[in-house]
Amino acid sequence: MNEAPREQWGSRFGFVLAAVGSAVGLGNMWRFPYFAAENGGAAFVFLYIIMVALIGLPIMLAEFAIGRGSKKSPILALAHFGGNAWKPLGVLFVLGGFLILSYYAVIAGWTLRYAWNALSVGFGSDPAGFFGEVSTGGDAALWHLLFMAVTVLIVAGGIRAGIERSAIILMPLLALIVVGLAIFASTLPGAGAGYAFYLKADFSELLSLSVLTEATSQAFFSLSLGMGAMLTYSSYLSRDDNMPREAVIIAGSDFMIAFLAGLMVFPLIFALGLSDELSDSTIGALFISLPNAFGEMGAVGRPVGILFFVALLVGALTSAISLLEVVVSAIIDTWKWPRRKAALIMGALITMVGIPSALSIDFLGLVDQLAANLFLVVGAFSLSIFVGWVMPDPIGEVSKGAENIRWLPLWYAFIRYVVPPLLLFVLYFTVINTWNMVTGLIGG
Ligand code: PHE
């Protein structure tokens with residue numbers, strides 16, 4: 001039987017945009033600003049940049065090496081270079097994609113609901129009440145389902161016609177909105193106070209190990225690392241791409257959008273003196289304080305709010321696509337299912353597994369901790385061992401198409417000697433945090 005040839009990206013530009021699309025998402029526009037404001041402001045931003053450079057970039061390149069080198073989906077790619085003993089790690093990746101998408105699509109469903117409401121009726125007078133209504137229960141489940149349906153449709157369309165094409169249209173739109181809104185926010189009266197809240201430098205926070213742990217897992221989440229998403233996307237690359245250069249572009253764009261998101265969010269909130277609500281920085285804070293600001297802002301509030309939620313939605317969608325693609329590509333390769341069938345059935349299963357997250361925010365928070373923190377750190381640690389100590393000649397693989405890059409030996413030394421011990425350290429604290437959260441939820 002002749003198998004269809006493996007799909008490929010139409011252009012490098014398409015690959016880079018799709019990878020940036022995977023990276024830029026709720027993590028940038030929702031998690032990052034709050035983490036930064038809570039954990040030392042400018043000092044956190046500084047620490048975050050260091051973690052992205054020291055750990056994020058090396059792991060991204062490691063995923064690229066495995067993906068493009070094997071041209072296979074995660075489970076088979078690891079087996080290709082490391083033998084069957086490494087298949088369980090691939091299974092963990094696929095499970096990670098499955099679980100992250102199950103609750104990510106719930107939050108994305110809220111976003112879809114907010115964007116729809118902003119367009120159709122505007123922002124009501126009771127944002128906290130509205131959030132309570134739409135964030136859990138049947139409503140949340142319904143919008144979660146709608147969001148998943150769109151994600152499935154795009155992934156079913158394939159690499160070029162589905163994923164690449166949507167990224168080429170959506171990512172420039174997102175960048176334009178975020179830059180535009182950040183500029184608009186800088187003209188507001190509360191801009192100074194907002195920036196001060198976001199970026200007041202408190203270096204004492206950095207001495208806390210939990211901040212180091214948070215910065216590291218935030219870097220993985222934001223860059224889509226540790227669960228095979230970048231590995232999968234790079235498996236559709238041709239040989240001659242300059243992967244180190246592209247990794248720098250992708251990580252740089254991801255950071256810029258996250259940083260700009262903070263510059264946009266906080267002035268908006270402070271312009272209206274709504275900063276009180278920020279003390280309550282739970283999962284829902286962004287969905288309460290921002291609509292509140294849009295509602296109070298007068299005539300400009302509505303278009304600004306629409307743009308904001310459209311950007312958030314676009315970011316969530318292009319990230320969700322990559323999460324589903326990890327699962328779908330693995331099923332296509334292992335069980336030889338056609339793409340459409342794999343996208344539809346896996347999408348339906350993920351939607352079902354997401355229902356408990358739609359019904360309880362506590363449950364959603366728990367899955368977030370488990371999949372987005374614990375799994376990603378375990379995954380990234382294992383990847384560093386794999387590429388540093390198991391895979392034959394990773395430098396050789398990465399240097400194809402990157403002959404001019406001089407720092408590859410340094411990258412390899414990092415992946416071997418620096419990244420694993422650092423991540424072991426981070427892993428220790430992540431396990432403790434996860435354990436506390438589980439026992440906290442069960443006990444209380
Ligand atoms: N990077 C995405 C975000 O910032 C989330 C994500 C994590 C996507 C892991 C794919 C894999 O929202």
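Sequence positions, counted from 1, serve as the residue numbers for this chain. Scope of the values below: all heavy atoms of this structure, side chains included, with no hydrogens, waters or symmetry mates. Counting convention: from 1, in listed order, for ligands and their atoms alike.
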Checklist entry - Under 4.0 Å between a Lys/Arg side-chain N and an Asp/Glu carboxylate O for Glu7 and Arg160? => result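 Looking at Glu7 and Arg160, the cut-off is not met.
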
Next on the checklist: Less than 4.0 angstrom from a charged side-chain N to a carboxylate O is my criterion; do Asp139 and Arg113 meet it?
Outcome noted: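 Here Asp139 pairs with Arg113 in a salt bridge, since their nearest N and O are under 4.0 Å apart.
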
Next on the checklist: Which residue in the set Glu325, Glu164, Lys71 passes side-chain hydrogen bond (donor to acceptor under 3.5 Å, both in side chains) when paired with Tyr236?
Outcome noted: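 Among Glu325, Glu164, Lys71, the one meeting side-chain hydrogen bond (donor to acceptor under 3.5 Å, both in side chains) with Tyr236 is Glu325.
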
Next on the checklist: Around atom NZ of Lys87, are there more than 12 heavy atoms from other residues, nucleotides or ligands closer than 6.0 Å?
Outcome noted: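 Atom NZ in Lys87 is not packed in, count stays at 12 or less.
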
Item to check | Neighbour count above 12 (heavy atom, 6.0 Å) for Trp407 CH2 | outcome: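 Yes, enclosed.
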
Show me a pair-per-line table, with atom names and distances to 0.1 Å, of protein N or O atoms that are under 3.5 Å from an N or O of ligand 1.
from     : atom 1 : to     : atom 2 : distance (Å)
ligand 1 : 1 (N)  : Ser22  : O      : 3.2
ligand 1 : 1 (N)  : Ala23  : O      : 2.9
ligand 1 : 1 (N)  : Phe221 : O      : 2.7
ligand 1 : 1 (N)  : Ser222 : O      : 3.1
ligand 1 : 1 (N)  : Ser224 : OG     : 3.0
ligand 1 : 4 (O)  : Ala23  : O      : 2.9
ligand 1 : 4 (O)  : Gly27  : N      : 3.4
ligand 1 : 4 (O)  : Asn28  : OD1    : 3.3
ligand 1 : 12 (O) : Leu26  : N      : 3.0
ligand 1 : 12 (O) : Gly27  : N      : 2.9
ligand 1 : 12 (O) : Tyr104 : OH     : 2.5

Checklist entry - Is a donor on one side and an acceptor on the other found under 3.5 Å between the side chain of Arg416 and the backbone of Gly388? => result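 Present.
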
